[in-house]
Each structure stands twice: as structure tokens, then as C-alpha cells.
2 protein chains.
Amino acid sequence: MKVTIKDIAAVAGVSHSTVSRALNDSPQISPATKDKIKDIARTMNFEFNAGARSLSGRKTGNIAVVYQAKYDQFGSSLYVSQLFIELRHFLERMDMDVILLEGYHPDTGASNISRLLRQQKVDGFLIVHNLITKRDYESIRRSGLPVVQLHMPPIYCNKEELDYFFTDHFMGGRIATDYLIRQGCKKILTVPTTDFDSEEFKLRTQGYKQALEDNNIPFKEELVVAIDSTYLKGYYLFNSIPEILANVDGIFFQTDIQAFGFLTAARERGIRIPEDLKVIGYDDAPICESTNPQLTTVHQPRKKLAELACDRIIDLINKRNNESRIQEVLFPHIVVRETS
Amino acid sequence: MKVTIKDIAAVAGVSHSTVSRALNDSPQISPATKDKIKDIARTMNFEFNAGARSLSGRKTGNIAVVYQAKYDQFGSSLYVSQLFIELRHFLERMDMDVILLEGYHPDTGASNISRLLRQQKVDGFLIVHNLITKRDYESIRRSGLPVVQLHMPPIYCNKEELDYFFTDHFMGGRIATDYLIRQGCKKILTVPTTDFDSEEFKLRTQGYKQALEDNNIPFKEELVVAIDSTYLKGYYLFNSIPEILANVDGIFFQTDIQAFGFLTAARERGIRIPEDLKVIGYDDAPICESTNPQLTTVHQPRKKLAELACDRIIDLINKRNNESRIQEVLFPHIVVRETS
DNA sequence: TTGTAAGCGTTATCAG
DNA sequence: CTGATAACGCTTACAA
């Protein structure tokens, strides 16, 4: 039923090792036989048996994408889920399958990374998760498998030891704030999220501070108000901090969904945006174009990020340019729409 | 470095086959040695080598989840992505890894199902996709691997041949409409999506018709208006069909996100909901609680669905109760909130 | 109840 | 350039 290299060998009248070499493009096979064998393989609908291949020391054809499930589909996880679509997209093009999982078993807390390593199920790790243990990074390193860290720096591992592709969250916060200042805002509120595990929001807030300083605007602690990354919390911001909002002329929301909720509430109250108050979001989620007015936001180059990460991990798997780490921090940029 | 059953055998002072049997819970091994071996395996941090295991005819430990990527994160794919979280959740508890992929290669259109089959990379298929070819279903059947169809019936395969777990979309449309009628609505608009590939919306519309008929309300073609499953299309419904909306006292949106957009527009126009107009959505997405007023909607039992499907595929993989198909259609139910 | 040995499909080493 | 052959780690008759 299943066709193996031996079946092909029989048809081609050669040994199975010749078939293996031919299909793996070994230089020691003559072009003629190579072509013949490849033809036969194609017509017989041959695919390498994944188990056998991995057993005899070659690739599994699988990449683990390790992420952190957050159950709010509308918060930061929205960005991650979009990023994931891009990742799978590139990997599929390279004929890699994706094993998607969380870092730790939901019940036992056992490390999925260490399990996959011992099972030898994958050829590399793409990590979109900042809370992987030092121990796990070390296990991966000992195994010799490649890791690429994505989106955010790890907390329990020195990032210099890794290949990584991040977006510059500090710069994101800075350009967002600077943009509002250049639009004439003087009293700017920033709204990070209450997801305190994520370094990214701290960085955006630092960028916010930096922009204020650059423009000689004194920083005020009370103008940093963290709320959950949900529509509803954005919506009810007027209820939770009315005095602050009354004295503000610009808001930098650190996720789009918060801004979305806020915009709805603002319109109900007749607040004119951007005339009375300018608003900028973060992520450039598809939802931005849906708001009314359409949301000005900070775009994170998720597609580029995914592409770089996939190219890199494939290179590492194939031992190309693997003597040194590649570490890139991409700049976000502002997408000007109607709220600013 | 990697620990194998031979290493364990050496420590335990038995043969590697005894170790294999013990760890696989073979009845022919004495409880004493079994315990001893399991202990050693645990302390040595042993895991079966996935490649070797699959080669020698046993399980890969992988399940393919085949879905259809839709790039609008806020439409029907939202429901699917939530369903996927539930699926992975259950499978992870059973120590299965998930290979998530689309049915067909984005560039070549080659079947991923047929590839996985030939590569022998997975133990079973969970299909959340209605456009898989007949040919692929046949390949799976020939391979002897289990398939469970989820959420929606396949278009190119007779569903009676499969194990499946669906929600009853017809009934969903019917109860939604019937509920509006019992709230006093007489002229009810329904808004399916323009995703014409998906049978589910046709079924919901049929359910809508049935409810009208049950209540002796004449069906009118013009009261079925398909729009994209986006916030914005919902929002602009007033612009696209003003006359129709003026003469309607209830709306059954077939996805929540459409209703969400509509509600925003309605409030801007001072339309009182539910007093002037009652609205019901579909899916019970997290966003429902975020709308103002909160959206009454049809809840699809996604968690239950995921659980049933995972249990079933595990049973099938282990050849339990596999003589006949299990086919279940779950009923959705209404979650009453504030728009009705 | 346990051990021995063959075999799964592939790659790699060594001859020729 | 090609063919035998061993090896990868595991399961499973078959023997004991």
C-alpha cells in the first residue's frame, strides 16, 4: 500500500540507497538516473516516511511553535494569533508542519519543550512566549536544535544567547506619543494593559516617557492608567477616571481593542475625536478600520517578523550561517487614520 | 545523551523488550518488574522516541487538525479559532500533539491530508473544514486512520460515512427566530453572511423560515439580507437597506460581529433596543458581553463539541467502539442578555 | 514471565 | 557513480 524507496528501487532497477541519494539530491548520482528516479517517485506518489527519516537521524519536518494561550481573543492574544497565521503560512511554503502548543502542560505543568526534545519530534522551536524557563532554554541548547525567539524577549534567559526577532516596543511607545505631541497634544494619557507578565507594555510606557522628556513635557504618574485589554474596560474608562479624562487632550492606548471601546463611549458622550481629543492605538488589528472614526494606530510588522523568523529557523536547521546569532529589532510605524 | 529503552534495560537488569512491554502496560509483565521499570524510566526522564515508535507500527502521537484559514479574524473564523483552543486543550491532556494545517497547500494546492497520510505523520484527522475533497476522504478511509468531522458537514462526502459532531444550525436559526417571535416581533429580518461556501448559514436561514412558518408568519425574500461577517457591514446596514430596517421589529444576525456593528449604529441613531427593535446574534463570542446593550445570542456548545470530538478520536485510534459511527448533533441554546 | 531476533523505512559507511 | 550492509529505537512474534 504505502510506497517506500524499495518499491521505487524495484521499478527503477537500482538499489534502495541509490533511490535515497537521488531523492535527496546527492551530488554523487548521475543526472540521468536522478531524473529517472524522481520521475518514478512522482508518478508513484511517493513521500518519505517521517518516522523512518527521523529515526535514521534526519529531519522530522516539524517545527514547534510555542505560545502562551490567553483566553481573551480580543486582547494581545489577537496579535499573536495573527502572527501565528503568518508563521504557519511561511512554514507551510517550506513544507514544514507546525506543532502548536503551550509551553507547559495545562494540568501537570510539565514542560512540553522538554518532552518534545526527548521524543525528538521537532527540528526546531519558534517561541512566542516570554515565560519559558531557563532550564528549558538550556535543554534546547544542549540538544543542538535551533530556537528563534519571536515578538518579545524572554524573561528567564539572556536574549543575547538567542536568535531573535522583536519589534521595538520602546520605540513604538515613543513614536506614538511623539506623534500625538506633534499633533498639538500637551496632556497625554497612556493606557497600558494589566497583563503585567508582558514586558512589551512596560517598554511602550518607557517609550511614552521618553517622548515626553524629549519634548520637555513633565511626566505625571497619574497619566499612566493600566486596564485590561478589552473593549469593555476601554468603554468604561469614562466611569473609572472621569477627572483625568477631563484634563487630557490625547490618549495613547497600548492595544487597539481598548481604544475601540473608548471610541464608542466617547461618541455617546459627544466628545469630538480628533478635535477635542486625539487617540492612537497599538497593533493595527483588522478592527482598526472598523471603528468610527477609524483608529490611528501603531503597526507592528508582523508579516515581516514571521518571514524573518521562518527563514532563519530553516537556515539554522540546515546549518547555514549558524556560527553567530541573528538578532533584529524591527521598527513599528504609525498608520494615520481618523482619530488623530 | 538521549535515553532509550536499552539504557533502562541496562539499569533494570532486564532485556529491552521487557522494558518496552512494561512501559506499554503489557499484561504479560509482572506488576513488580513493571513498577520497577516505570520508576527507573521516570527518574531517567525517559520518553519514547517518536520516530522509532511510529516506524515500528505504533502511534505517532500526533493529530492533524485541518481547518480553513479565513483571514478575517472577526468573522466566523473567530468561532473556529475558539473551538481550536478547546481542541488543543483536550488533546494536550491526552498527550497528543496537534499539527494544525489547512487542507491544501497555499501555493501548489497539493493536499496536505494526502501528504500527511503518505508521510505517516499523524494518527488521525480532526476536520473543521467543509471543502475537503471526496478523494481525500477516500484516502483517509483507505489508510484506516480515523477521521472526525467537526462543526459543519462536509460538502464532498456523504456525512453518514463519518463520525461527526455538529451543532444544529437549522435549530439555531429556528430557536433564534422563534424567540424573537415570542418576544412579540412580527417583522423579522435575518442577516446571514456572504460566505456562501458555508452550509451553516443556509441552515440557519432555513431554521428562520421554519420558525416563521410555525408561527404563521409569511416568509418574505427581502427580509433575508446577506452581508460580510464584519463589524463595519453591520454598522452600515442602515445605509444599505434603510427602507427595510424602517419596517422591521426584530433582527436575527447570524454572527455576533455583525450585530455588534449594527448596535453601535443603532445607538447613534437613537434607536432604542430592545424597545423599538430586538436583536439577537449568533456564536456567543466573548464580544457579546462587551456590547452595549449586551447582546442576546445563540450559544454554540463549542467546549462540549471539542470534548466529544477529542474523546472520540482517541477511542478510534485505540480501536475502541469503532465498529459503528458516532454522529451527534448538539443543540445550541439562547443566552438572553439585553437586546431582546 | 522474560529474552532473542526480525523488521519497520531511512541514511550513512564502506567497498567496488 | 552505485550497491551491500549496518544502524537508528521500538514493537512483536517466537522461544524458552
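Per chain, numbering begins at 1; letters A, B, ... match sequence-line order. What you see below is based on every heavy atom in this structure, not just the backbone, and it leaves out hydrogens, waters and symmetry mates.
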J.: To the nearest 10 degrees, what angle separates the axes at the start and end of the helix from C/dT1-D/dA16 to C/dG16-D/dC1, five pairs each?
T.: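 The angle, to the nearest 10 degrees, is 40°.
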J.: Which of residues 30-40 of chain B sit near DNA chain C, with a heavy atom under 4.0 Å from it?
T.: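 B/Ser30, B/Thr33, in order of number.
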J.: For A/Lys34, look at atom NZ and say whether over 12 heavy atoms of other residues, nucleotides or ligands are found less than 6.0 Å away.
T.: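 Enclosed: over 12 neighbouring heavy atoms sit under 6.0 Å from NZ of A/Lys34.
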J.: Any side-chain N or O of B/Asn24 less than 4.0 Å from the OP1 or OP2 oxygen of D/dT11?
T.: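 For B/Asn24, the contact criterion (side-chain N or O under 4.0 Å from OP1 or OP2 of D/dT11) is met.
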J.: Pairs in or reaching into residues 146-156 of chain A: which pass salt bridge (charged side-chain N to carboxylate O under 4.0 Å, His left out), with residues at least two apart or in two chains?
T.: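 Of all non-adjacent pairs touching residues 146-156 of chain A, none passes salt bridge (charged side-chain N to carboxylate O under 4.0 Å, His left out).
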J.: Locate the shortest heavy-atom distance separating B/Lys121 from A/Gly61; write the atom from each residue and the value.
T.: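 Closest approach of B/Lys121 to A/Gly61, heavy atoms only: NZ-O, 3.1 Å.
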J.: Using a cut-off of 4.0 Å on non-hydrogen atoms, how would the nucleic acid contact of A/Ile29 be classed: base, sugar-phosphate, or nothing?
T.: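 Contact class for A/Ile29: sugar-phosphate only.
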J.: Can you tell which of B/Gln149, B/Arg325, B/Gln327 makes a side-chain hydrogen bond (donor to acceptor under 3.5 Å, both in side chains) with B/Asp163?
T.: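 One option only clears the test, and that one is B/Arg325.
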J.: Identify the two heavy atoms, one from A/Cys310 and one from A/Phe90, that lie closest to each other, and give their separation to 0.1 Å.
T.: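 Scanning both residues completely, I find the closest heavy atoms to be SG-CB, 3.6 Å.
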J.: Please give, in whole Å, the distance from D/dA7 P to A/Gln120 CD?
T.: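 Result: 18 Å.
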J.: Give me the distances for all protein-to-nucleotides 12-15 of chain D N/O pairs that come in under 3.5 Å?
T.:
unit_1 : atom_1 : unit_2  : atom_2 : d
D/dA13 : N6     : B/Arg21 : NH1    : 3.2

J.: May I ask you to decide if the ring planes of B/Phe166 and B/Tyr164 are parallel, tilted or perpendicular, using 30° and 60° as cut-offs?
T.: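 Plane angle under 30°, so parallel.
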J.: Between A/His129 (side chain) and A/Glu102 (backbone), is there a donor-acceptor pair under 3.5 Å?
T.: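 No: the side chain of A/His129 does not pair with the backbone of A/Glu102.
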J.: Which two nucleotides bound the region of DNA chain C that has atoms under 4.0 Å from heavy atoms of chain B, read 5' to 3'?
T.: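 Nucleotide range with atoms under 4.0 Å of chain B: C/dT1 to C/dG9.
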J.: Check whether any side-chain N or O of A/Asp315 sits under 3.5 Å from a backbone N or O of A/Arg320 as a donor-acceptor pair, and report yes or no.
T.: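 Here the side-chain-to-backbone pair does not exist.
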J.: Kindly say whether A/Asp107 contributes a backbone atom to a donor-acceptor pair with the side chain of B/Arg93 at under 3.5 angstrom?
T.: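 Such a contact is absent between B/Arg93 side chain and A/Asp107 backbone.
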J.: How would you list, by chain and number, every residue that makes a side-chain contact (heavy atoms from CB on, under 4.5 Å) with B/Thr18, sequence neighbours excluded?
T.: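 Partners of B/Thr18 under the side-chain contact (heavy atoms from CB on, under 4.5 Å) test: B/Val14, B/Ser15, B/Ile29, B/Ile37.
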J.: Taking B/Asp123 for its side chain and B/Lys59 for its backbone only, find out whether a donor-acceptor pair lies under 3.5 Å.
T.: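 No: the side chain of B/Asp123 does not pair with the backbone of B/Lys59.
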J.: Please report the distance, rounded to the nearest Å, between CZ in B/Arg53 and P in D/dC10.
T.: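 So the two atoms are 9 Å apart, to the nearest Å.
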J.: Does any N or O in the side chain of A/Asp311 come within less than 3.5 Å of the main-chain N or O of A/Leu308, such that one atom is a donor and the other an acceptor?
T.: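 The answer is no, because no donor-acceptor pair under 3.5 Å joins these two groups.
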J.: So does B/Asp39 pair up with B/Arg42, basic N to acidic O under 4.0 Å?
T.: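 Looking at B/Arg42 together with B/Asp39, the answer is yes, because their closest N to O distance falls below 4.0 Å.
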J.: Measure NZ/A/Lys6 against P/D/dG3 and give the value in whole Å, please.
T.: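 So the two atoms are 14 Å apart, to the nearest Å.
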